[in-house]
J.: 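Please find one structure pasted underneath; my questions will follow.
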Amino acid sequence: MFELHHLSAQELWDWIRRGDATALEVTEHYLARIERLDPALGAFVTVTADAARARASQLGSLVPTSRPLWGLPTADKDLYDRAGVPTRYGSAALPATPATADHPLVAALAAAGTVSLGKTISPEFGMSSSSETRIGTTRNPYDTTRAPGGSSSGTAVAVAAGLVPAAVGTDGGGSVRIPAAATGLVGLKPSRGRVPSMPGRTGLGGLSVAGPITRNVADAGMLLDALVAPTGLAEPSPYALVTPEVGDGPFTAAAVRGEGRFVVGLLDGSPWDDTVDVVVDPAARAAVETAVRVLGEVGHGVEDVAMPRLPYADAFRVAWESGAAGLPRVPGIDLSELTPLVSWLVDRGRALTATQVLDAMTTLDAFSAGLIRAFDRFDAVLTPTLALTPRPLGWYGDDPEEDFRRQCAYSPWTSMANVSGLPAITLPVGVTDEDHPDGAGLPMGVQLIGRPGGERVLLAIGAQLERRLRWQRRHPAMW
């Protein structure tokens, strides 16, 4: 039987624009699904049903405009403030005090015409790919004994389970791509500075950017267009590192047309190989083999490329630790309530000297230049998104150093795109088969890393793979 959540985000937007469904009808449908399904999933930390209904009713009293996400339900990752709603940061260490103003990312989504249904849970301060926090555990809809990854864990689960049609996560080391891959979704990390509301100047190294988490490639293009130009017009971007190109057309167009023939590099190795025992599951290798086969069938050239042997792991670890060093200054924080991992990161970050931090940034700058140089002859570089299948709940354990090591071993190819500022997309090309020790049907994705500003190429290649593999028709049992 057809239901509204069977529509893609693009289709749903078109229904609302044409009057085939109202924003309120759509909102009520998704709120009902959240009420019925989310207790078993834990995607939401806060559901703002009354505010969502009021917003949808307000939009319904207006004439639908060309704003790119008019009337679409979505949700806010709970690291970013929405006025009147507590921001919990995935932590029991802070009071649940309502925010007084919208974060620029939240404001951009509102300007695009969205209806927020609430806050989706994130690991504590977004510093882990675990989905287990002291304020709730988020479960993978494909197997609720397994985690969806993080840090956009609740966001990905909400999209995969049909609790929202699409959403925006943020990605500082893989936080869009990791949970998207583990839940069978498309996840796009744009180039640093591409999104005006996340301009790339905040945080050490400018690691974190906002990006779409969707069920198909065209919806990812649609959301990226909305992030770049929320009102459908040129977006003032005085703080952005790059501005939208004139004449290249919408990202949605590239994602829908899926045109072009490209040269794709097949990466051998990862930047963590010298410090972490990276074990690649056969299912991850099979996903890459599937992508290579289809790329060849549609006429792309695929050539091997070796991971450049440049210092990376120790410098990235310093950057990650230093990002936690300021947490003790957060008003109202109770450090005794931090999880072991974040407490450990705080201690290590506060012990760093300025010279250590500056040396790490210099090392990462050199790594970025070397990586871009090594990848320059390719339109995109292909890797597994994750080395392993979606992890069982409890896999990260309570020892913080082992927790951090396991995060790096699970997703050894994601953080280098954040360090270098390159765009990257994960595509859900396959699932585990019945012979896999972890069982059949677990999502497995591949990652494509593009040239600086190369999101359109990534979306075009993704559209070509999607046409042949039809992953947009794959859903968890609760769908």
Side-chain angles (χ1 to χ4, degrees), residues 4-5 9 12 23-59 69 71-92 94-126 131 133-139 141 148 150-170 175-176 179 183 185 210 212-214 223 226 478:
L4 285 173
H5 64 277
L12 199 56
L24 183 57
E25 288 170 344
V26 173
T27 294
E28 292 287 9
H29 176 79
Y30 280 100
L31 286 172
R33 285 186 64 79
I34 292 169
E35 183 178 15
R36 179 165 58 88
L37 298 176
D38 196 50
L41 297 173
F44 282 82
V45 63
T46 305
V47 178
T48 53
D50 291 342
R53 292 184 178 104
R55 165 75 166 168
S57 296
Q58 175 196 33
L59 292 177
L69 304 179
L72 284 182
T74 188
D76 306 314
K77 183 177 178 179
D78 193 34
L79 299 181
Y80 300 96
D81 288 347
R82 180 174 289 274
V85 184
T87 306
R88 302 298 306 277
Y89 298 98
S91 181
L94 289 174
T97 304
T100 58
D102 290 346
H103 184 276
L105 176 60
V106 169
L109 289 170
T114 61
V115 177
S116 174
L117 305 186
K119 292 288 197 78
T120 53
I121 201 165
S122 166
E124 191 166 49
F125 296 103
S131 66
T133 78
R134 290 184 173 171
I135 60 173
T137 294
T138 308
R139 299 173 182 273
S151 67
S152 302
S153 46
T155 304
V157 169
V159 176
L163 308 184
V164 293
V168 171
T170 53
S175 292
V176 160
T183 58
L185 300 172
I213 298 178
T214 61
L223 261 68
M478 65 184 61

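Please read these numbers as outputs of a predicted model, since none were measured by experiment. Nothing fancy with the numbering, it's 1 onward along the sequence.
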J.: With a 4.5 Å heavy-atom cut-off, do Thr74 and Val168 have their side chains touching?
T.: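 They are not in side-chain contact.
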J.: Heavy atoms, side chains only, cut-off 4.5 Å: are Arg88 and Leu94 in contact?
T.: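 No, too far: nothing below the 4.5 Å cut-off.
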J.: Quick check for you: to the nearest 0.5 Å, what is the distance between Leu41 atom CG and Thr120 atom OG1?
T.: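 The CG atom of Leu41 sits 13.0 Å away from the OG1 atom of Thr120.
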J.: Looking at Ala75 and Ser116, what are the two nearest heavy atoms and their distance?
T.: CA-OG, 4.3 Å
J.: Ring pair (Phe, Tyr, Trp, His ring centres under 6.0 Å) with Tyr89: which residues, sequence neighbours excluded?
T.: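 Here the qualifying residues are Phe125.
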J.: Could you pull out the closest heavy-atom pair between Pro212 and Val176, with the gap in Å?
T.: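 Closest approach of Pro212 to Val176, heavy atoms only: O-CG1, 3.7 Å.
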J.: Looking at every heavy atom in both Ala23 and Leu59, which two are closest together, and how far apart are they?
T.: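 Reported closest heavy-atom pair: CB-CB, 4.5 Å.
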J.: Tell me, please, which residues at least two apart from Tyr30 pass ring pair (Phe, Tyr, Trp, His ring centres under 6.0 Å).
T.: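 Counting only residues at least two positions away or on another chain, Tyr30 forms no ring pair (Phe, Tyr, Trp, His ring centres under 6.0 Å).
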J.: Please collect all salt bridge (Lys or Arg N to Asp or Glu O under 4.0 Å) contacts where either partner lies in residues 108-119, sequence neighbours excluded, each pair once.
T.: Asp78-Lys119
J.: So, taking the atom named CG in Leu223 and the one named CG in Leu72, what distance separates them when rounded to the nearest 0.5 Å?
T.: 8.0 Å
J.: Hey, could you give me the CG/CG distance between Leu69 and Leu12, rounded to the nearest 0.5 Å?
T.: 11.0 Å
J.: Which atom names give the shortest non-hydrogen contact between Val115 and Gly71, and what distance separates them?
T.: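 Closest approach of Val115 to Gly71: CG2-O, 4.1 Å.
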J.: Show me the side-chain donor-acceptor pairs of residues 101-112 shorter than 3.5 Å, one per line, residues at least two apart or across chains.
T.:
unit_1: Asp102; atom_1: OD1; unit_2: Ala83; atom_2: N; d: 2.8
unit_1: His103; atom_1: ND1; unit_2: Leu105; atom_2: N; d: 2.9

J.: What verdict does the side-chain contact (heavy atoms from CB on, under 4.5 Å) test give for Thr48 and Arg82, after you've listed the backbone C-alpha separation in whole Å, the side-chain angles of each residue and the deciding distance to 0.1 Å?
T.: CA-CA 11 Å; Thr48 53; Arg82 180 174 289 274; 5.9 Å; no
J.: Is the backbone of Gly42 close enough, under 3.5 Å, to the side chain of Thr138 for a donor and an acceptor to pair up by distance?
T.: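 Yes.
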J.: Compute whether any side-chain donor of one residue and acceptor of the other, for Ser152 and Lys77, lie under 3.5 angstrom apart.
T.: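 Yes, Lys77 and Ser152 have a side-chain donor paired with an acceptor closer than 3.5 Å.
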J.: What's the spacing between Arg33 CZ and Asp38 CG if we round to 0.5 Å?
T.: 11.0 Å
J.: Nearest 0.5 angstrom please: Ser91 OG to Leu79 CG, how far?
T.: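 The OG atom of Ser91 sits 10.5 Å away from the CG atom of Leu79.
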J.: Any donor and acceptor pair, going by atom type alone, linking the side chain of Thr133 with main-chain N or O of Ile135 inside 3.5 Å?
T.: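 Flag set: sc Thr133 to bb Ile135 pair under 3.5 Å.
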J.: Can you sort out the partners of Ser175 under side chain to side chain donor-acceptor pair (under 3.5 Å), two or more places apart, ordered by chain and number?
T.: Ser151
J.: Looking at side-chain heavy atoms only, is the closest gap between Leu117 and Thr27 below 4.5 Å?
T.: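 They are in contact (side-chain heavy atoms under 4.5 Å apart), so the answer is yes.
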J.: Do Pro179 and Val157 make a side-chain contact, defined as non-hydrogen atoms from C-beta onward lying under 4.5 Å apart?
T.: no
J.: Distance check, rounded to the nearest 0.5 Å: Arg36 atom CZ versus Leu163 atom CG?
T.: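 If I round to the nearest 0.5 Å, the distance is 9.5 Å.
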J.: Just to verify, what does His5 make a ring pair (Phe, Tyr, Trp, His ring centres under 6.0 Å) with, not counting sequence neighbours?
T.: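 Here the qualifying residues are His29, Trp479.
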